[in-house]
Amino acid sequence: MARKASLSGFPEWLPNERLVELHVLDTLRRTFELHGFGNIETRAVETVGQLLRKGEIDKEVYGLSRLQADEGEAAGTDPNALALHFDLTVPFARYVVENAGHLAFPFRRYQIQKVWRGERPQDGRFREFTQADVDVVGDGALPFRYDVELALVIADALGALPIGEFTVRVNNRKLAEGFYRGLGLEDTAAVLRSIDKLEKIGAEKVAELLVAEIGATDEQAHAALALASIRTADTSFVDQVRALGVEHELLDEGLAELTEVIEAASQRAPGTVVADLSIARGLDYYTGTVYETVLVGHEKLGSICSGGRYESLASKGNRVFPGVGLSIGVSRLVSRLLADGGLQATRDVPSAVLVALNDDDSWYTAQDVATALRGRGIAVEVAAKAEKFGKQIRYADRRGIPFVWFTAADGSHEVKDIRSGDQVAADPQTWTPPAEDLQPGITTS
RNA sequence: GUGGGUAUAGCUCAGUUGGCAGAGCGUCUGGUUGUGGUCCAGAAGGUCGCGGGUUCAAGCCCCGUUACUCACCCCA
């Protein structure tokens, strides 16, 4: 865990840490836009009824009330009460329905916002955190091809980040459900919930769960676990599933879909996208492809990016808007990069140059130097007091500002690289720092 | 919501059978009249989470409380 905020679960970064987060956000924005996704922002609040439309997660939701509200106004029972959104998918679905007349489908959008969940905070789990979502939503129907595209978009986006190796694990709900039905297990949601714990509690415990809670036979539990143990980086999972001898129409459909995703991904993003038939995803609105992403070596952190295909999250009359998309847990990712990745910004401030003062009167001519440099896109600050040069240099050093600018009494200029100590004559109208010093960079310590 | 752990300087932590509040790092000042980092000397900085109790005496023992933290649940 990186530095903790005084209020648990509501992280606040220091300027240097925020630069790392901004770098992540900027990179995601650029990548999403390179793939043709436009941006929207939805309001932070939704009605309780809207948020809880899909599932029983009410205890996660932070309600909103006026301090002087009447008692009856308290959130909880009234579906018109306001609450903070706990993800961006549900508000997005609402937004699509409301603005359907103004949107061009398939609608591609990305959305980067804070979300809130009223849970016990833990390592990598927050009450207030930033998610970065990318989704495509269609009107009536959405070609399966988008399930493939989204896997590639996310592989590209994560690949552009300084996060080391990661694995996008992909499964398909139809495949899993068809398999369980073929086995004779009808409560597929319950099976999925148990299978989802595989990585955490192990195969034996999951088998016990399946037998105890769902009433599966040992044979059925064994087969379900056999399916969940299949992981391949190519399409060989198909043969492995077939070898288990289960038949179901939905299973065939799921196998075909997953094959398409893995086939394309193994060519365009080799090694990062794998078929993993243990991936379940808790949310029940997913209907086909499901994605989950872990950092290699940080599996215990949990998923840093997940999502899937939802066939009917949004509907308006008899019009449905199926979609597919993923959500990156930016805060979780950044907190881990800062703590274990040792990632940090090369300096705490944007300034590339500090203009030093000879005496307090030279502040005005120093501003002229600063203005000239800023005119060429160089971030500059001017010393406030004509302290000893040693102190002015130390001021820059403390903040990581790489250059200190000196203007002599005769009007001549010199600039010093305080890392190397090199000091050379310079002209405010033409001097430019090396490109890598223009803005704070990101490095591992 | 349930269970365990922790709480002392800005940070990381010592603090003996209860006896005047400590270290390292960081910060600030100085080391002879303006070019930092090393080194040396000095200084500042604490309601020992909060409230009560036991005691001549509590950072330490007891009770309560709050916060943080780990696990469960759920999830990015």
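Chain letters run A, B, ... following the sequence lines, proteins first, then strands; residues in each count from 1.
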Both distances under 3.5 Å, Watson-Crick or G-U wobble: report the partner of B:G24, or none. B:C11
Which base sits across from B:U32 as a Watson-Crick or G-U pair, both distances under 3.5 Å? none
Any donor-acceptor pair, under 3.5 Å, between the side chain of A:Gln392 and the base of B:U35, if you only look at N and O atoms? no
Between B:G36 atom P and A:Arg419 atom CZ, what is the distance in whole Å? 18 Å
Indicate the atoms forming the closest heavy-atom contact of A:Thr27 with A:His23, along with that distance. OG1-O, 2.7 Å
As its Watson-Crick or G-U partner within any shown strand, both distances under 3.5 Å, B:C60 has none
Residues 146-172 of chain A vs side chain to side chain donor-acceptor pair (under 3.5 Å), sequence neighbours excluded, gives A:His35-A:Asp156, A:Arg108-A:Glu149, A:Asp147-A:Thr289, A:Asp147-A:Arg309, A:Arg169-A:Glu199, A:Asn172-A:Glu257
Out of B:G36, B:A76, B:U35, minimum distance to the side chain of A:Phe126 belongs to B:A76
Out of A:Trp431, A:Phe406, A:Trp405, which one pairs with A:His413 under the ring pair (Phe, Tyr, Trp, His ring centres under 6.0 Å) rule? A:Trp405
Rounding to an integer number of Å, can you tell me how far A:Asp417 CG sits from B:U35 C1'? 14 Å
Whether the A:Gln423 and A:Glu414 side chains hold a donor-acceptor pair (N or O, under 3.5 Å, no angle test) is what I'd like checked. yes
Nearest-angstrom distance, C1' atom, B:U17 to B:A23: 24 Å
Quick check: closest heavy atoms across A:Asn358 and A:Ala409, and the distance to 0.1 Å? ND2-N, 4.0 Å
Pairing partner of B:U17, by Watson-Crick or G-U wobble and under 3.5 Å for both distances, is none
Which atom names give the shortest non-hydrogen contact between A:Gly325 and A:Asp135, and what distance separates them? CA-OD2, 3.2 Å
Between A:Ser306 and B:A76, does any side-chain N or O lie under 4.0 Å from OP1 or OP2? yes
Would you confirm whether A:Asp26, through its side chain, and A:Arg29, through its main-chain N or O, come within 3.5 Å as a donor-acceptor pair? no
Any side-chain N or O of A:Gln122 less than 4.0 Å from the OP1 or OP2 oxygen of B:U69? no
Can a side-chain donor-acceptor contact be found between A:Thr47 and A:Asn80 if the only test is distance below 3.5 angstrom? no
Stacking here means centres under 5.5 Å and planes under 30°; does A:Phe129 stack on B:A76? yes
Show me, pair by pair, the donor-acceptor contacts under 3.5 angstrom made by side chains of residues 292-302 of chain A, not counting sequence neighbours?
| residue | atom | partner | partner atom | Å |
| --- | --- | --- | --- | --- |
| A:Glu292 | OE1 | A:Arg281 | NH1 | 3.1 |
| A:Thr293 | OG1 | A:Cys305 | O | 3.1 |
| A:His298 | ND1 | A:Arg336 | NH1 | 2.9 |
| A:Glu299 | OE1 | A:Gly297 | N | 3.2 |
| A:Glu299 | OE2 | A:Gly297 | N | 3.1 |

Would the distance check show the side chain of A:Ser412 and the main-chain N or O of A:Ala408 forming a donor-acceptor pair, the cut-off being under 3.5 Å? no
Once you round it to whole Å, what is the distance between P of B:A76 and CG of A:Asp133? 10 Å
B:G37 pairs with which nucleotide, Watson-Crick or G-U wobble, both distances below 3.5 Å? none
Take atom C1' in B:G5 and the same atom in B:C20, then report the distance between them in whole Å. 32 Å
What distance, rounded to whole Å, do you find between the two C1' atoms, one in B:C13 and one in B:C48? 13 Å
What distance separates A:Thr232 OG1 from A:Ile262 CD1, expressed to the nearest 0.5 Å? 6.5 Å
Contact state string [nucleotides 25-32 of chain B, B base, S sugar-phosphate only, - no protein heavy atom under 4.0 Å]: --SSS---
Of the candidate nucleotides B:U69, B:U2, B:A76, which contains the atom at the shortest distance from the side chain of A:Ser8? B:U69
Heavy atoms under 4.0 Å, any strand shown: does A:Phe406 hit a base, just sugar-phosphate, or nothing? base
Could you tell me the Watson-Crick or G-U partner of B:U54, where both distances fall under 3.5 Å? Say none if there is no partner. none
For B:G5, give its Watson-Crick or G-U wobble partner with both distances under 3.5 Å, or none. B:C68
Those residues of residues 351-366 of chain A lying under 4.0 Å from RNA chain B by at least one heavy atom: A:Leu357, A:Asn358
Where the side chain of A:Asp397 is defined as all heavy atoms beyond and including C-beta, which of B:A76, B:G36, B:U35 is the nearest nucleotide? B:G36
Examine distances only and state if a side-chain atom of A:Asn39 and a backbone atom of A:Tyr110 form a donor-acceptor pair shorter than 3.5 Å. yes
Classify the side chain of A:Arg125 versus the base of B:C74 as yes if they form a donor-acceptor pair under 3.5 Å and no if they do not. yes
Sorted by chain and number, sequence neighbours left out, side chain to side chain contact (heavy atoms under 4.5 Å, CB included) with A:Gln113 holds for A:Glu41, A:Thr42, A:His85, A:Leu88, A:Gln111
Does anything in residues 289-305 of chain A come within less than 4.0 Å of RNA chain B? Heavy atoms only, and list the residues if so. A:Lys300, A:Ser303, A:Ile304, A:Cys305
Could you tell me how far B:G64 sits from B:C28 if I compare only their C1' atoms? Round to whole Å. 42 Å
